[in-house]
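These notes are about the structure you will find just below.
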Amino acid sequence: MEAVKGGFPSHYTLPVGMYELRCALAEHIHERTGLAIDPSRNVIVTPGSDSGLLFAMMPFLEAGDEVLVPDPSYPSNYLNCKLLGAKAVHVPTWYDDNYRIHIEELEKRVTPHTKMVLLTHPNNPTTVVYRKDNLEELARFIVRHDLVLVCDQAFEDHIFDGIEFVSPCTLPGMWERTVTVCSLSKGYGLSGYRMAYLYADDHIMDVFYGGAVNVLGAPCTASTFGAIAALKDKTILPEYYERLDRRRRLAYEILGSAPGVKMRMSESGILSWLDVSALGTSQEVADYLMEHAKIMVNQGTPYGEQGAGFIRIVTACFAKDEDAVQRFERIKAAFTELARQKGLIT
Ligand SMILES: Cc1ncc(COP(=O)(O)O)c(C=O)c1O
């Protein structure tokens, strides 16, 4: 508010982001990963991480290139490849082993055209936080095939149950071939500010600096001041984190006990991911909830072939727990009725 009153936000900031914000981000990255990155070289502010993801991919891909994408995954991963004339190659992962990445599935799909792996970590929609040993295997695969990793860490700020979070760029051989894309949208609840950032090695940054002015323009100056304030004073975050933690437990308790539903407790963020295949297709179940519970959920299919039979629920939709609980109960009642119709219960 002080910055807005002072009038400065009506002017451009640097295309790569204001230096003071990049310093605050470098500190944040250091706290999270232990990396000591140079704020004047290795971090760029982007207007949200959706545009950051496309920006991160652009220098590396040409028409006909192939990109390996663990499936299920954030839909932008598939769409961004298409926008760049490249091909997203889906690599299946499975609910039963908590969506571990199987290196043999990646190996089967590597061709001379393969240039990149796109990883959403923690994953949207599954909420899975990939474990260190799995990421180490993935890193060895990426180095062996001389690929680039673009790692979307939009949900890295809310990881539950003390699960260790490893940023793949910190693994051996990965710093020089990884672009890490992050956001203040989820972790700080500031999606409307459109404040995100990416960080990478110097030689990658040279190309990004070249493209920043004509592709990104410059980040919003007013939001920049808001982001600096948010990064400097994190006192409200523990309460926010606790609320999200409570919310995923409530969702698990209520929705997980519905007949015909299989789900795990979310490992991160604001989502629940439900296997409803016993009740119908993703579309049938989503349509049924819309009609009978008057609640819109996401079908699993846009997240990839492995999303068939799943739905995604944004459990953080409401400010108050009781409002969310009321909706979870309504969804559960609709599931119960569907299960009755399917003959799963009497
Ligand atoms: C996994 C993931 N990455 C990136 C984004 C983009 O977020 P933003 O553009 O607000 O930073 C989202 C938004 O839902 C997301 O779920």
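Both counts, for ligands and for their atoms, begin at 1 and track the order of listing.
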Just checking Gln283: does its CD atom have more than 12 heavy atoms from other residues, nucleotides or ligands closer to it than 6.0 angstrom?
no
Is the charged tip of Arg312 near the ring of Tyr303: under 6.0 Å from the six-membered ring centre and within 45° of its axis?
no
Would you check if there is a donor-acceptor pair between the side chains of Ser40 and Asp38 at a distance under 3.5 Å?
yes
Any atom of ligand 1 sitting under 4.0 Å from a heavy atom of Lys186?
yes
Which of the atoms of ligand 1 are close to Thr120, meaning less than 4.0 Å from one of its heavy atoms?
1 (C)
Considering non-hydrogen atoms of the protein only, which is the closest contact for atom 16 (O) of ligand 1, and what is the distance?
Asn124 ND2, 2.7 Å
Does this structure show an ion pair linking Arg249 with Asp161, if we count only N-O contacts that are shorter than 4.0 Å?
yes
Tell me which protein heavy atom sits closest to atom 2 (C) of ligand 1, plus the residue, atom name and distance to 0.1 Å.
Asp152 OD2, 3.4 Å
Between Arg194 and ligand 1, is there a nitrogen or oxygen pair with a distance under 3.5 Å?
yes
Is the ring pair Tyr240/His158 parallel, tilted or perpendicular, if the boundaries are 30 and 60 degrees?
perpendicular
Output the list of atoms in ligand 1 that are nearer than 4.0 Å to some heavy atom of Gly48, sorted by atom number.
9 (O), 11 (O)
Quick test: of every protein heavy atom, which one is nearest to atom 12 (C) of ligand 1, and how far off is it to 0.1 Å?
Tyr74 OH, 3.1 Å
Separation between CZ (Arg41) and CZ (Arg22), nearest 0.5 Å, reads 10.5 Å
Of the side chain and backbone of Asp50, name the one, both, or neither that has a heavy atom under 4.0 Å from an atom of ligand 1.
both
Nearest protein heavy atom with distance in Å, relative to atom 7 (O) of ligand 1
Ser49 OG, 3.3 Å
Between Ala154 and ligand 1, which part of the residue brings a heavy atom under 4.0 Å of the ligand: side chain, backbone, both or neither?
side chain
Side chains of Asn123 and Phe155 in contact at under 4.5 Å (non-hydrogen atoms)
no
List ligand 1 atoms under 4.0 Å from Ser183, heavy atoms only on the residue side.
8 (P), 11 (O)
Do any nitrogen or oxygen atoms of Ser185 lie less than 3.5 angstrom from nitrogen or oxygen atoms of ligand 1?
yes
Is the shortest side-chain N to carboxylate O distance from Arg140 to Glu136 below 4.0 Å?
no
